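Below is one structure, written out as C-alpha cells, with a few remarks after it.
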Amino acid sequence: VLRGCAGDVMIRNSVCALLVYKLLPRLTRAMSFRCQRDSYLQTLNTKVVSCESAKNGGAECYEVVLEDTVLFPEGGGQADDRGKINGVDVFRVTRRGSKAVHFVNSPLQVDSEALVEVDWKRRFDHMQQHSGQHLITAIADREFGFKTKSWLVVKVTWLVVK
C-alpha cells in the first residue's frame, strides 16, 4: 500500500516512471505492429514469414504473415486496412495472437523481401472517424451519461441535389 507519506508517493511515481519510460516501450515493440507505433507510416520493407493456402468464401486465397506490417488488423471495433504487398492486393488483415495475417489472392515467397503499402485514403478516413468517435463519446458521456456500447466505421456517399 503506497499511501500516506511523501516518500511512498515518490516511490509510486518512480515505479510508474520506470514502467512508462523504460519497460513499456520494449513491451510495446515486442507486442505491437509498426502501424501501431507510427500510424502515419505508409510503406514498410519487411520479410515474408509464412504463406499458407486458405479459402475465402469458397475461393482460394493465401494467408501471409510478415515480420512486421504497416497494415492495421481488424479488432476492437476498428476496421482493418487495405493495401498491397509487393504489388499484390491485401483484401483483409486479422490478428492471430501476436501475428497479423494478411489475406491475398496470389502466393508470396517465404523468406522473400516484401514492400508493404497502405491504402492511405482509407487509413486516413478511418483515423479521422476513430478520433471523432472518441470525441463524440466523451461529450455524450460527460454531458448526458450515455455510454458507448459499439460503433461502426462506414463509407457514406452524399448526393447533393441543386
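Because only heavy atoms are used, hydrogens play no part in the values below, and waters and symmetry mates are left out as well, while side chains stay in. FYI, the numbering just counts along the sequence from 1. Because the structure is a prediction, the values reported are computed rather than measured.
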How would you list, by chain and number, every residue that makes a side chain to side chain contact (heavy atoms under 4.5 Å, CB included) with T148, sequence neighbours excluded?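 Side chain to side chain contact (heavy atoms under 4.5 Å, CB included) list for T148, sorted by chain: Q133, T137.
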Go through the structure and list residues passing side chain to side chain contact (heavy atoms under 4.5 Å, CB included) with V65, not counting sequence neighbours.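 Applying side chain to side chain contact (heavy atoms under 4.5 Å, CB included) to V65 gives V49, S50, K99, V101.
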Given 3.5 Å as the limit, does a donor-acceptor pair link the side chain of Q36 with the main chain of F33, or not?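 Here the side-chain-to-backbone pair exists.
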Quick one: does any side-chain atom of N56 pair with a main-chain N or O of C61 as donor and acceptor, under 3.5 Å?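 Answer holds: no.
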Nearest 0.5 Å, what's the [atom1]-[atom2] distance between [X] and [Y]?
{"X": "H134", "Y": "I139", "atom1": "NE2", "atom2": "CD1", "answer": "13.5 Å"}
{"X": "H126", "Y": "S39", "atom1": "NE2", "atom2": "OG", "answer": "13.5 Å"}
{"X": "R34", "Y": "L71", "atom1": "CZ", "atom2": "CG", "answer": "13.0 Å"}

I would like to know whether V116 and T46 meet side-chain contact (heavy atoms from CB on, under 4.5 Å); could you show each step before the answer? CA-CA 7 Å; V116 186; T46 187; 3.7 Å; yes
Which residue pairs pass the salt bridge (charged side-chain N to carboxylate O under 4.0 Å, His left out) test when at least one of the two sits in [range], sequence neighbours left out?
{"range": "residues 74-86", "value": "E74-R92, D80-R82, D80-R122, D81-R123, K84-D89"}
{"range": "residues 126-149", "value": "D141-K147"}
{"range": "residues 44-63", "value": "E63-R96"}

Apart from F72 itself, what residues make up its hydrophobic cluster when side-chain heavy atoms of I, L, V, M, F, W and Y under 4.5 Å apart count as a link, directly or indirectly?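 Result for F72 is none, singleton.
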Under 4.5 Å between side-chain heavy atoms, chaining through other members, with only Ile, Leu, Val, Met, Phe, Trp and Tyr counted: pull out the rest of the cluster around F146, sorted by chain and number.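 ILVMFWY cluster around F146 also holds F144.
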Using the rule that two of Ile, Leu, Val, Met, Phe, Trp, Tyr join whenever any of their side-chain heavy atoms come within less than 4.5 Å, decide whether [X] and [Y] are in one cluster.
{"X": "F124", "Y": "V118", "value": "yes"}
{"X": "Y40", "Y": "V70", "value": "yes"}
{"X": "V90", "Y": "L115", "value": "no"}
{"X": "M127", "Y": "L44", "value": "yes"}

Any side-chain heavy atom of F103 within less than 4.5 Å of one from T94?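 In contact.
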Applying side-chain hydrogen bond (donor to acceptor under 3.5 Å, both in side chains), which residue pairs with at least one partner in residues 101-121 are found, sequence neighbours left out?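 For residues 101-121: T69-H102.
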Give me the atom names and distance for the closest heavy-atom approach of V64 to C51.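 Minimum heavy-atom separation between V64 and C51: CG2-SG, 3.9 Å.
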Return yes when atom CZ of F91 has more than 12 non-hydrogen atoms of other residues, nucleotides or ligands closer than 6.0 Å, and no otherwise.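 Counting other residues, nucleotides and ligands, CZ of F91 exceeds 12 neighbours.
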